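These notes concern the structure reproduced below.
Predicted, not measured: the structure shown is a model, and the values here were computed from it.
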Amino acid sequence: MEKIETLIIHKGRNPKKSSGMVNPPIYKSSTIIYPTVEEFLKDDYPIHTDKTYGRTGTPTTAMLEELLAELSGSDHAIVTASGMAAITVSLLTFLRAGDHVLATDAIYKCTRRLLDDELQKLNITHTYFNPNITTDIEKLIQPNTKVIFLESPGSNTFEIQDIQTICKIAKKHNIITIVDNSWGTPLLSQPIKWGADVVLESATKYISGSSDTFMGFIAVNKKHFKNVHNTFVNLGAITTPDNCYTILRSLRSLPTRLKQHQENAIVVAKFLESHKKIEQVFYPPLPSFSGHKKWKKYFSGASSVFSFVVKTNSDKQLYKFIDNLKLFAVGLSWGGYESLIIPINIATRIERFAPVFKGKLIRIHIGLENPSDLVLDLNNALKNI
Ligand SMILES: *Cc1c(COP(=O)(O)O)cnc(C)c1O
């Protein structure tokens, strides 16, 4: 098979079928016309194709889904309105009232809210587990546990999960594993290959790369595709053909962007690690990081969002440091071309599962600026600590 950089350029488009146009056209339609009544009536399960009603997508959607499946190493991909829509669809496909979910404690904040608020309302309960758990997960399984939800690395503290071990135990108990792979993207990590049933990602982050488009996607093998797709259609969690076009365009440059993001982030992370006002850096490629070995097993590279601890107890000093940065903007999300920074509060975590440190935790996203400018900027602003 061709290498990923080649595949991402040549798949997901078909100039011969689109009047020679390099990129696939944006097909927009809710209604799709049938040639005859007979053909209309014989479509016994029309929502499973992209030729019958626009809510399942149009040929533009199909082009993107085909490419995402190929990159993820899965039989199918389904694109959704946002990363959160992908998470909601994945969970609701496999859960009903009375069921129980095991979820990593280093979970994305909105996924936590989905479990704590929305699923709780439907009488679906959950238990959070230590993100560094391995075989001990077996002890947490209840008779009604139906789903194990993983996110690797974990949000804000970047624990790498032992996906292979957890998926193996889950299979033994007939439990579905769902993995949030937003940090790695399908280019750096393919959890389907380690035995995950469903892999989902926020394409809003690195895949878009421009901080302007919401999208999520679900990668799934044949065995569960029909179920997941059915829930997806029933919930109406669709994205637009325009967004599919935008994301397809962004995908072509993802390998190149990710390489540069990683190169820049390593320069900045090493600088921070050596700075006397920094206590710790949570970035998987650093040999000093506790999950470094697992990262080497599960990932072929790193993206550029990580966190670090500043040696101070003063919020005032911390805010002064951040506000004095000229190249890092204060804002949510990551994966765009521009650098971002925010203070992180991990108070919602279960205390015994959270890392212990002295100081203030900060999350940083390293953009595509020249890393020496970013280092200079941080070095100057750290004088406020
Ligand atoms: C941002 C994010 C999401 C949600 O994605 P949206 O596209 O913003 O809905 C899910 N998981 C992780 C780990 C994220 O960082």
Side-chain angles (χ1 to χ4, degrees), residues 1 3-5 7-8 68-74 77 83 86 104 106-108 130-134 148-168 177-207 209 216-219 251 253-270 273 280-308 334-335 355 363-368:
M1 200 174 86
K3 302 271 186 302
I4 220 154
E5 293 85 353
L7 214 148
I8 214 166
L68 288 171
E70 187 99 32
L71 297 174
S72 304
S74 58
T104 171
I107 203 165
Y108 175 60
N130 186 337
N132 291 313
I133 206 162
T134 58
I148 299 179
F149 191 96
L150 306 173
E151 183 184 323
S152 188
S155 277
N156 300 325
T157 43
F158 302 91
E159 293 89 343
I160 306 288
Q161 301 214 255
D162 192 358
I163 297 180
Q164 190 179 26
T165 304
I166 296 171
C167 289
K168 219 164 139 186
T177 42
I178 303 177
V179 182
D180 184 332
N181 189 45
S182 300
W183 186 87
T185 83
L187 264 54
L188 306 180
S189 155
Q190 293 99 19
I192 286 273
K193 293 185 182 158
W194 297 107
D197 293 303
V198 177
V199 176
L200 60 92
E201 297 180 29
S202 168
T204 313
K205 309 287 167 58
Y206 285 104
I207 292 176
F217 76 92
I218 301 168
L251 261 176
S253 62
L254 183 62
T256 315
R257 283 187 285 116
L258 274 178
K259 269 182 207 140
Q260 195 62 50
H261 276 296
Q262 168 172 292
E263 196 178 308
N264 292 3
I266 285 177
V267 171
V268 176
K270 283 188 175 158
E273 196 180 29
Q280 258 196 82
V281 180
F282 297 103
Y283 187 39
L286 294 178
S288 63
F289 181 70
S290 62
H292 181 68
K293 257 177 80 182
K294 271 187 276 173
W295 169 74
K296 275 187 145 170
K297 170 174 173 174
Y298 288 109
F299 293 83
S300 61
S303 62
S304 65
V305 61
F306 63 92
S307 63
F308 60 98
W334 37 266
R363 191 182 76 194
I364 191 168
H365 172 253
I366 307 302
L368 297 172

To the nearest 0.5 Å, what is the distance between [atom1] on [X] and [atom2] on [Y]?
X: T104; Y: I107; atom1: OG1; atom2: CD1; result: 6.5 Å
X: I148; Y: I133; atom1: CD1; atom2: CD1; result: 9.0 Å
X: C167; Y: L150; atom1: SG; atom2: CG; result: 6.0 Å
X: D197; Y: S74; atom1: CG; atom2: OG; result: 12.0 Å
X: L258; Y: S304; atom1: CG; atom2: OG; result: 8.0 Å
X: E273; Y: S288; atom1: CD; atom2: OG; result: 3.5 Å

Over all atoms of both residues, closest heavy-atom pair of [X] and [Y]:
X: V199; Y: P191; answer: CG2-CB, 3.7 Å
X: I266; Y: P285; answer: CD1-CB, 4.3 Å
X: I163; Y: Y298; answer: N-OH, 3.3 Å
X: T157; Y: A106; answer: OG1-CB, 4.2 Å
X: A269; Y: Y283; answer: CB-CD2, 3.5 Å
X: A196; Y: V179; answer: CB-CG2, 3.7 Å

Any donor-acceptor N or O pair under 3.5 Å, side chains S189, N181: yes
Distance-only polar pair, side chains of K297 and Q164, donor-acceptor under 3.5 Å: yes
For the residue pair [X] and [Y], establish whether any side-chain heavy-atom pair is separated by less than 4.5 Å.
X: I207; Y: L251; answer: yes
X: F306; Y: H365; answer: no
X: I366; Y: I364; answer: yes
X: F282; Y: P153; answer: no
X: L286; Y: H292; answer: no
X: F299; Y: S152; answer: yes
X: K270; Y: V281; answer: no
X: P255; Y: L187; answer: yes

Residues E151, S155; criterion side-chain hydrogen bond (donor to acceptor under 3.5 Å, both in side chains); working and verdict: CA-CA 8 Å; E151 183 184 323; S155 277; 2.6 Å; yes
So, [X] side chain and [Y] main chain: donor-acceptor pair closer than 3.5 Å or not?
X: N156; Y: F158; result: no
X: K294; Y: I160; result: yes
X: Q190; Y: P186; result: yes

Stepwise side chain to side chain contact (heavy atoms under 4.5 Å, CB included) check, E201 with T185: CA-CA 7 Å; E201 297 180 29; T185 83; 4.2 Å; yes
I166 vs W194, side chain to side chain contact (heavy atoms under 4.5 Å, CB included): CA-CA, chis, key distance, verdict: CA-CA 10 Å; I166 296 171; W194 297 107; over 6 Å; no
Sub-6.0 Å ring centroid separation between W183 and Y206: no
Test of ring centre spacing under 6.0 Å for W295 and F289: no
